[in-house]
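Report on the following structure.
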Amino acid sequence: MLISTLFPESMTRMNRFNSTVPDDEYLADSNVLFYLSDAVTQLLEHKEEYTQFGMIRYFAEYFSSVKNSNHVLFREYNYIRATPHNRASFIRVFWRCYRQTGKSGELLSMLEYRSLLQLLCPDFPLDIVQSSARIVVMEDATDCLMSFSDFLYALQLQFYYQEFLDSVLLIYQDLLAGKSPNTVIVPTSTSIEQLPSVAAEENDKEEQQQDGVEPSSLAQCIEALCDRFKRSHPPRSCMREVLEQTNKVSYYSFVMSLAKHETINQTIGALPSKAELLIDPEMDQELDKLIAQISVSPGSNSSGSAIGGLKEVQRKASPRRNIHHRRKMEVESDGSTEETDSSEN
């Protein structure tokens, strides 16, 4: 019952009361042991602080934050990437914190987006941001400016399906080099860590001047990859649909189409549709109240009033900072917190 409440998506894949499902497989699919381990680790590391709340309340707060997707805020990268639920939760937190950036129509560079990501996850790696930016611009993305929505959906695809996309990229490079699809091997973790190699960079430069590869060959390899891939991957029907729409396909045109695919967005479940991405009536009402408060307070310090109001909106609109992060928040510098608040609003 606890698992079905916290992780309903796992219950759609397997039923605990189905005797054909081994216990260890069920626990692995739900990731409940991972969260139990982290909850106990956090408790032991901050025992003096948490024991005053009581054990029952602590675990209730922890699993409530996991269920509400607030648990990834300010956590280390290894934690936010550890489970599909964590990855989707982080994408949702990023969207909620910086929605106003997109609503203002401001265009940002790759390094600026990385700075925003590091306000939420201090050790968020550069390579994920670079790969996401290349999905949008399909070239050296260091100085290119991107809209919030384009970058967000690219980041969602790259971050959520990172291991699968790394494998597809290696397969694409093999096809581009003329290797037979039958000789393509699923990349190991060692080969993935070697990306981008010098040879891969040369291939990337060459592919910009080529039409790509045969969609049918890439589709055949992707089907074989999905059969033996142990991690999450986009729905096969979506990938087939994208590949059937062109005579030649490059890697980045393929993943760009996947990033924009609404079915994949719904499968991940972190973001609304693109048409509703910048709509948040509750937050807009809070901002309207804040502006009205500032405009009718002639005797108040406008700067101080604005800061106080913005903090109030942040408390109401952003994900709740759960109990096992309060100590960390107290030692965070005011500067980093203020940047996150102002970016959201």
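- With hydrogens and angles disregarded, a donor-acceptor distance shorter than 3.5 Å links the side chain of Y153 to the backbone of K274.
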Exercise for the section: For D123 and N78, run side-chain contact (heavy atoms from CB on, under 4.5 Å): C-alpha distance rounded to whole Å, both residues' side-chain angles, the deciding distance at 0.1 Å, then the answer. Expected result: CA-CA 9 Å; D123 62 336; N78 283 339; 5.8 Å; no
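- A heavy-atom distance below 4.5 Å is not found between the side chains of L36 and V40.
- Taking the six-membered ring for Trp and thresholds of 30 and 60 degrees, H233 and F164 have ring planes inclined between 30 and 60 degrees apart.
- Of all heavy-atom pairs spanning W95 and L277, the tightest one is NE1-O, 2.8 Å.
- Judged by the 6.0 Å distance and 45° axis criteria, R87 is not positioned over the aromatic ring of Y160.
- Taken from CZ in R81 to SG in C121, the straight-line distance is 11.0 Å, to the nearest 0.5 Å.
- The two residues V93 and S69 come nearest to each other via the heavy atoms CG2-O, 3.6 Å.
- No side-chain heavy atom of V137 sits under 4.5 Å from any side-chain heavy atom of Y252.
- Residues Y161 and R231 are not in side-chain contact: their nearest non-hydrogen atoms beyond the backbone lie 4.5 Å or more apart.
- Here the straight-line distance linking atom CG of L258 with atom CG of L157 works out to 5.5 Å at 0.5 Å rounding.
- The hydrophobic cluster containing L44 also contains F63, counting ILVMFWY residues as joined when their side-chain heavy atoms lie under 4.5 angstrom apart, directly or transitively.
- S217 places no side-chain N or O within 3.5 Å of a backbone atom of V213 that could act as its donor or acceptor partner.
- Scanning both residues, E112 and L107, for their nearest heavy atoms gives OE1-O, 4.4 Å.
- The SG atom of C97 sits 11.5 Å away from atom CZ of R92, with the distance rounded to the nearest 0.5 Å.
- Between G212 and L176, the shortest heavy-atom distance links the atoms O-CD1, 4.1 Å.
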Problem - side-chain contact (heavy atoms from CB on, under 4.5 Å) evaluation trace for Q158 with L165 - result: CA-CA 7 Å; Q158 180 64 42; L165 295 182; 3.7 Å; yes
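- At least one side-chain heavy atom of E223 sits under 4.5 Å from a side-chain heavy atom of R240.
- Atoms CE and OG, on M110 and S132 in that order, are 10.0 Å from each other to the nearest 0.5 Å.
- Panel note: side chain T246, backbone L243; no donor-acceptor pair is recorded below 3.5 Å.
- For the residue pair G102 and L278, the shortest heavy atom distance occurs at O-CD1, 3.6 Å.
- Side-chain atoms of H261 do not come within 3.5 Å of backbone N or O of M239 as any donor-acceptor pair.
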Exercise for the section: Please report the C-alpha distance between R114 and L126 in whole Å, then the side-chain angles of each, then the deciding distance to 0.1 Å, and finally whether the side-chain contact (heavy atoms from CB on, under 4.5 Å) criterion is met. Expected result: CA-CA 7 Å; R114 189 199 184 194; L126 177 61; 3.7 Å; yes
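- When hydrophobic clusters are built by joining Ile, Leu, Val, Met, Phe, Trp and Tyr residues whose side-chain heavy atoms come closer than 4.5 Å, directly or via intermediates, V66 is grouped together with M55.
- At least one donor-acceptor pair closer than 3.5 Å links the side chain of Y58 to the backbone N or O of A39.
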Handout entry: Working for side chain to side chain donor-acceptor pair (under 3.5 Å), residues S250 and Y172
Key = CA-CA 8 Å; S250 69; Y172 175 79; 5.0 Å; no
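- Surrounding CG of D227 are more than 12 heavy atoms belonging to other residues, nucleotides or ligands, all under 6.0 Å away.
- Residues I222 and I171 have side chains not in contact (no heavy-atom distance under 4.5 Å, counting atoms from C-beta outward).
- Contact between L145 and S109 at its shortest, heavy atoms only, is CD2-N, 3.7 Å.
- In this structure, S115 contributes its side chain and L111 its backbone to a donor-acceptor pair below 3.5 Å.
- The distance between the ring centers of F124 and F90 falls below 6.0 angstrom.
- Classified by interplanar angle (parallel below 30°, tilted 30° to 60°, perpendicular above 60°), the ring pair F151/Y113 is parallel.
- Summarising the local packing, NZ of K260 is surrounded by 12 or fewer heavy atoms from other residues, nucleotides or ligands at distances under 6.0 Å.
- Taking the side chain as every heavy atom from C-beta outward, E214 and L218 never approach each other to under 4.5 Å.
- At least one donor-acceptor pair under 3.5 Å links the side chain of S131 to the backbone N or O of D127.
- Within the 4.5 Å cutoff, the side chain of H85 has no heavy atoms near those of the N31 side chain.
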Practice task
Give the intermediate values and the outcome of side-chain contact (heavy atoms from CB on, under 4.5 Å) for residues F229 and E163.
Solution key: CA-CA 9 Å; F229 203 75; E163 294 80 6; 3.9 Å; yes
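- Between the side chain of T267 and the backbone N or O of T263, at least one donor-acceptor pair lies under 3.5 Å.
- With rounding to the nearest 0.5 Å, the separation of CZ in F254 from CD1 in I135 is 11.0 Å.
- Counting only distance, with no hydrogens or angles, the side chain of S65 and the backbone of Y62 share a donor-acceptor pair below 3.5 Å.
- Summarising the geometry, atom NZ belonging to K67 is positioned 11.5 Å from atom OG belonging to S89; distances are rounded to the nearest 0.5 Å.
- Judged by distance alone, with hydrogens and angles left aside, the side-chain atoms of N86 form no donor-acceptor pair with the main-chain N or O of V72 at under 3.5 Å.
- Side chains of R75 and Q42 form a contact here, defined as non-hydrogen atoms less than 4.5 Å apart.
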